[in-house]
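Order of appearance sets the numbers: ligands from 1, and atoms from 1 within every ligand. Counting from 1, the numbers follow the sequence of the chain as shown.
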Amino acid sequence: MKAIRGMNDILPEEIGKWHFVEDTTRRIFDLYGFAELRSPILERTELFLRGIGEDTDVVEKQMYTFSDKSGASITLRPEATASVLRAVIEHGLLGKDPIQKLYSIGPMFRYERPQKGRYRQFHQINVERLGEEGPYCDAETLAMAYELATALDLNNVSLEINSLGCASCRKVFMQQLQSFLEHKQAVLCEDCSRRMHTNPLRVLDCKTDTCQQVVADAPSIEDFLCDDCRGHYHCVLEGLKSLQVPYTKNARLVRGLDYYTRTTFELTASGLGSQNAIAGGGRYDGLISTLGGPDVPGIGFAFGIERIIMLLEDRTEDVKGCYVVIHGDERLQHEALKLLSDLRSANLRAEAVLEKSFKAQMKRAGRSEYPVCAIIGEDELARGVVTLKDLRTSFQTQAPRNEVAKKVYSLLEEQGGYS
Ligand code: HAM
């Protein structure tokens with residue numbers, strides 16, 4: 001039996017990196033006053049149709065949708081935004097506090113063609129910040145994303161930013177774009193010659209060579225922004241400068257989900273190949289009301305955790321603990337069990353495999369990541385002591401039975417700075 005294509009197991013040897021990413025995320029987001037919200041991975045299909053937009057690749061091609069036993073159409077969440085907003089509306093969170101700063105970490109599902117950095121089950125760190133319209137909220141939110149990338153030791157991260165305007169200035173731009181594309185329809189790829197009618201913005205970020213050549217001469221959204229949107233965009237950029245976050249403007253950055261207004265952005269990192277976006281997001285001022293909630297603005301982003309993991313060096317954590325070995329008959333097993341329990345009570349990791357021969361136990365201890373091993377033999381039992389062996393230096397010493405944990409701690413400290 002094998003895992004489903006595009007869905008990966010995360011094995012113990014990799015889990016240190018995942019913990020590092022998750023712990024760093026919680027630490028940074030806490031500094032900005034964000035709280036965690038966990039929503040189910042299944043939602044009614046309609047939520048995503050309304051929330052993401054029916055003309056997007058995600059909704060058209062990538063959703064895992066099926067009927068449950070009652071015949072209801074349900075979908076494995078392809079992203080977290082719609083689910084988080086559904087939860088906020090359902091629980092009236094904005095009535096309790098009109099400003100909500102929320103994050104979520106968990107698996108998402110998209111039926112895409114799997115390749116390096118693109119999976120069918122993948123994990124996101126997702127942020128939603130609701131109730132603030134001003135540009136400094138955008139600047140600070142983008143800065144938080146950038147700070148997380150920096151805290152994760154990711155090098156060569158660049159931030160690309162654009163403004164998609166509001167519903168009214170974007171409408172004018174879309175009309176201009178559409179009439180520009182009409183003359184070029186013959187050379188557009190199949191998807192884009194359809195999309196130019198349903199969702200012309202998407203043509204701007206098509207990766208096909210011919211489409212890219214066409215859009216190189218397309219009108220730029222920046223020239224169509226209304227005064228309010230232009231002012232907003234300007235202040236976001238000024239805010240980023242004050243926060244010392246480097247950015248590049250990219251007027252072709254449109255993103256694959258339909259809900260964005262004004263600020264949109266992506267973080268990319270080198271070393272990932274073609275799937276080099278580690279995070280993306282933007283403002284979505286009409287979305288909460290589209291989903292049946294109050295007319296409250298919002299902005300958010302999501303990181304793809306697998307892509308971060310690919311960029312991280314291996315992380316092995318030093319074990320703070322002691323391996324226990326017995327040398328003698330079954331009676332010693334009880335002593336070992338008591339010692340294991342005492343060590344754990346003293347907050348030390350402790351393990352043993354007591355059924356094996358002394359030689360086999362010592363071999364396992366030597367191969368383990370434990371820095372210290374405790375040996376109980378007949379002689380030790382008779383004298384009420386335990387032998388402790390430093391597995392890195394082979395230095396041996398003895399400790400009275402009731403002081404073993406203390407002695408292990410002092411050996412760990414000598415080895416290198418445990419406290
Ligand atoms: P997105 O750009 O679709 O945005 O996804 C965000 C990030 O998730 C991407 O930059 C990428 O790192 C990762 N990602 C997406 N698809 C895959 C995949 N198939 N395999 C591996 N990683 C993937 C959103 O999902 C928005 N909901 C973000 C947002 C939150 N906007 C506002 N709030």
Side-chain angles (χ1 to χ4, degrees), residues 4-8 10 21 29 34 37 39 43 47-48 51-53 56-59 61-64 76-88 100-130 137-138 141-142 144-145 148-149 152 154 157-162 164 202 205 253-269 271-288 290-291 297-311:
I4 294 171
R5 192 165 126 82
M7 307 210 172
N8 300 309
I10 302 163
V21 172
F29 290 179
F34 278 70
L37 185 150
S39 63
E43 298 277 356
L47 174 70
F48 301 116
I52 299 176
T56 56
D57 280 355
V58 171
V59 167
K61 307 179 194 165
Q62 297 171 354
M63 295 209 303
Y64 277 90
L76 278 163
R77 63 181 183 196
E79 57 127 37
T81 307
S83 308
V84 171
L85 298 188
R86 194 262 316 130
V88 166
Q100 292 290 326
K101 299 202 253 179
L102 305 165
Y103 76 91
S104 309
I105 302 176
M108 309 294 151
F109 303 85
R110 294 185 193 175
Y111 195 80
E112 297 197 74
R113 196 170 51 79
Q115 63 180 86
K116 187 179 162 211
R118 190 159 78 191
Y119 310 103
R120 290 181 173 171
Q121 175 175 323
F122 61 98
H123 296 75
Q124 283 187 344
I125 294 163
N126 184 79
V127 160
E128 310 300 349
R129 180 169 181 167
L130 314 178
C137 158
D138 301 33
T141 307
L142 270 63
M144 183 170 88
L148 177 58
L152 290 170
L154 304 181
V157 172
S158 26
L159 166 63
E160 292 199 356
I161 184 166
N162 191 20
L164 292 179
R202 296 286 292 133
D205 81 344
L253 181 73
V254 294
R255 315 243 326 109
L257 309 157
D258 263 3
Y259 44 65
Y260 293 114
T261 53
R262 293 192 165 170
T263 312
T264 49
F265 71 100
E266 251 171 35
L267 287 177
T268 52
L272 282 174
S274 62
Q275 303 303 315
N276 66 349
I278 52 166
R283 181 163 277 288
Y284 47 78
D285 290 345
L287 183 57
I288 302 176
T290 305
L291 293 175
I299 182 170
F301 62 80
F303 275 82
I305 302 186
E306 280 77 0
R307 295 187 191 176
I308 299 173
I309 298 287
M310 284 163 66
L311 293 167

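T81 and Y284 share no side-chain donor-acceptor pair at under 3.5 Å. No side-chain N or O of R77 forms a donor-acceptor pair with one of S83 less than 3.5 Å apart.
Residues D57 and R110 are not paired through a salt bridge, judged by the lack of any N-O separation under 4.0 Å between the basic side chain and the carboxylate.
Contact check for I105 versus V21: no side-chain heavy atoms found under the 4.5 Å cut-off. Contact check for P78 versus Q62: no side-chain heavy atoms found under the 4.5 Å cut-off.
Between Y111 and Y64, the angle of the ring planes goes over 60°, which puts this pair in the perpendicular group of the 30/60° scheme.
Listed by chain and number, residues touching ligand 1 at under 4.0 Å (heavy atoms only) are E79, T81, R110, E112, G117, R118, Y119, F122, Q124, N126, V127, E128, R255, L257, Y259, Y260, A277, I278, A279, G280, G281, Y284, G300, F301, A302, G304, R307.
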